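Each residue takes its place number in the sequence, starting with 1. Computed from heavy atoms alone, side chains included, the values below leave out hydrogens, waters and symmetry copies. Only a predicted model underlies this, so the values are computations on that prediction, with no experimental measurement involved.
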Amino acid sequence: MNSPTETDLFHLRRCFVLATQAREAGQHPFASIVVDETGEVLVEAQNHSRPPDGDPTQHAEMVAASSAAKTVPPERLARATLYTSTEPCCMCAGAIYWANIGRVVYGLSEHSLLGLTGANEENPTLSLPCREVFARGQRRVEIVGPLLEDEAAKPHEGFWR
């Protein structure tokens with residue numbers, strides 16, 4: 001695994017703050033940020049998938065990747081990083097790939113998330129690590145994570161009961 005930079009940890013911690021804010025707003029506690037190679041934050045996104053009014057495809061990573069792809073040229077996104085509070089699911093990994101985002105840094109692993117959510121019907125976890133999804137692509141996506149898992153788990157504490 002590639003080593004995280006101080007910038008990586010800074011943006012990842014911002015995702016944890018946004019995930020907590022999503023929870024406080026009644027959404028699932030997930031958040032993502034897309035940052036370009038110069039450090040400019042291009043997109044901040046939170047999860048918008050919680051029933052009964054949410055769209056189950058509106059995970060934070062999906063919202064961030066989609067928003068970035070609509071406004072940022074693909075060659076710029078190829079040099080950008082998507083930071084996310086939790087490992088992208090296979091749906092979100094696909095969106096990140098198709099948006100041409102070149103790097104992902106995440107906090108909580110999908111495996112650790114499953115330990116927190118259990119069999120909660122609002123998060124029917126697919127046991128498919130993002131590394132496996134990205135490995136099937138024709139272009140490389142750099143992955144750094146899991147990182148700061150204790151901090152990343154905090155927005156989830158007591159949520160999934």
### Task
Taking all non-hydrogen atoms of both residues into account, name the closest pair between Gly145 and Arg131 and its distance.
O-NH2, 2.9 Å
### Task
Determine whether Val72 and Trp98 fall in the same hydrophobic cluster, where Ile, Leu, Val, Met, Phe, Trp and Tyr are linked whenever their side-chain heavy atoms lie under 4.5 Å apart.
yes
### Message
Just verifying a value: how many Å separate Phe134 CZ and Tyr97 OH, rounded to the nearest 0.5 Å?
### Response
10.0 Å
### Message
Quick check for you: to the nearest 0.5 Å, what is the distance between Asn47 atom CG and Met62 atom CE?
### Response
11.0 Å
### Query
Around atom CD of Glu121, are there more than 12 heavy atoms of other residues, nucleotides or ligands at under 6.0 Å?
no
### Query
Taking C-beta and beyond as the side chain, do Thr20 and Pro29 meet within less than 4.5 Å on heavy atoms?
no
## Note on the structure
Rounding to 0.5 Å, atoms NZ (Lys154) and CD (Glu149) come to a distance of 13.0 Å
### Query
From Ile96 CD1 over to Arg103 CZ, what is the distance, rounded to the nearest 0.5 angstrom?
13.0 Å
### Query
Cluster question for you: counting only ILVMFWY and a side-chain heavy-atom cut-off of under 4.5 Å, with indirect links fine, are Phe16 and Val35 together?
yes
#### Entry: Same apolar cluster (I L V M F W Y, side chains within < 4.5 Å links), Leu42/Val63
no
#### Entry: More than 12 heavy atoms of other groups within 6.0 Å of Arg161 CZ
no
### Task
Ignoring hydrogens and angles, state whether a donor on the side chain of Thr84 or Glu61 is under 3.5 Å from an acceptor on the partner side chain.
yes
### Message
For Asp55, is there an ion pair with Arg50 - N to carboxylate O distance below 4.0 angstrom?
### Response
no
### Task
Any chance you could measure Cys15, atom SG, to Gln46, atom CD, to the nearest 0.5 Å?
10.0 Å
### Message
Could you check whether any side-chain N or O of Ser109 sits under 3.5 Å from a backbone N or O of Ser112, counting only pairs where one atom can act as donor and the other as acceptor?
### Response
yes
### Least distance between heavy atoms, Leu126 atom then Cys90 atom
CD1-SG, 3.3 Å
### Query
Do Leu114 and Leu116 share a hydrophobic cluster (ILVMFWY, side-chain heavy atoms under 4.5 Å, transitive)?
no
#### Entry: Gap between atom OG1 of Thr5 and atom CZ of Phe10 - 0.5 Å precision
11.5 Å
### Message
Count I, L, V, M, F, W, Y as connected when their side-chain heavy atoms are under 4.5 Å apart, and connections chain through other members. Are Leu12 and Val41 then in the same cluster?
### Response
yes
### Task
Just do the side chain to side chain contact (heavy atoms under 4.5 Å, CB included) check on Thr86 and Tyr106 with the steps written out, would you?
CA-CA 6 Å; Thr86 305; Tyr106 69 89; over 6 Å; no
### Within-4.5 Å side-chain heavy-atom neighbours: Val105 and His11
no
### Closest non-hydrogen atom pair between Leu9 and Pro4, with its separation
CD2-CB, 4.2 Å
### Query
Checking side chain to side chain contact (heavy atoms under 4.5 Å, CB included) for the pair Val104/Thr81: CA distance, chi angles, key distance, verdict?
CA-CA 5 Å; Val104 173; Thr81 299; over 6 Å; no
### Task
Please test Ser32 against Leu82 for side chain to side chain contact (heavy atoms under 4.5 Å, CB included), starting from the C-alpha separation and ending with a verdict.
CA-CA 7 Å; Ser32 299; Leu82 183 137; 4.3 Å; yes
### Message
Assess whether a salt bridge exists between Arg76 and Glu37, defined as any Lys/Arg side-chain N lying under 4.0 Å from an Asp/Glu carboxylate O.
### Response
no
### Query
Any idea which heavy atoms bring Ala31 and Ala19 closest together, and the distance?
CB-N, 3.4 Å
### Task
Could you tell me whether the side chain of Pro129 reaches within less than 4.5 Å of the side chain of Glu110, counting heavy atoms only?
no
### Lys/Arg N to Asp/Glu carboxylate O, Asp36 vs Arg79, below 4.0 Å
no
### Arg23 charged N/C atom sitting above Phe159 aromatic ring, 6.0 Å / 45°
no
### Task
Take Glu44 and Arg14 through the salt bridge (charged side-chain N to carboxylate O under 4.0 Å, His left out) test and state the conclusion after the steps.
CA-CA 9 Å; Glu44 288 188 343; Arg14 174 69 181 149; 3.0 Å; yes
### Query
side chain to side chain contact (heavy atoms under 4.5 Å, CB included) between Ile101 and Val34: does it pass, once the steps are laid out?
CA-CA 9 Å; Ile101 296 169; Val34 179; 4.3 Å; yes
### Message
Just by distance, no angles: are the side chains of His28 and Glu122 close enough, under 3.5 Å, to form a donor-acceptor pair?
### Response
yes
## Note on the structure
Taking every heavy atom of Ser67 against every heavy atom of Thr71, the minimum-distance pair comes out as O-OG1, 3.2 Å
## Note on the structure
In Leu108, Leu113, Leu18, the residue satisfying side chain to side chain contact (heavy atoms under 4.5 Å, CB included) with Phe30 is Leu113
### Heavy-atom pair with the smallest gap, counting every atom of Ala60 and Ala45
O-CB, 3.6 Å
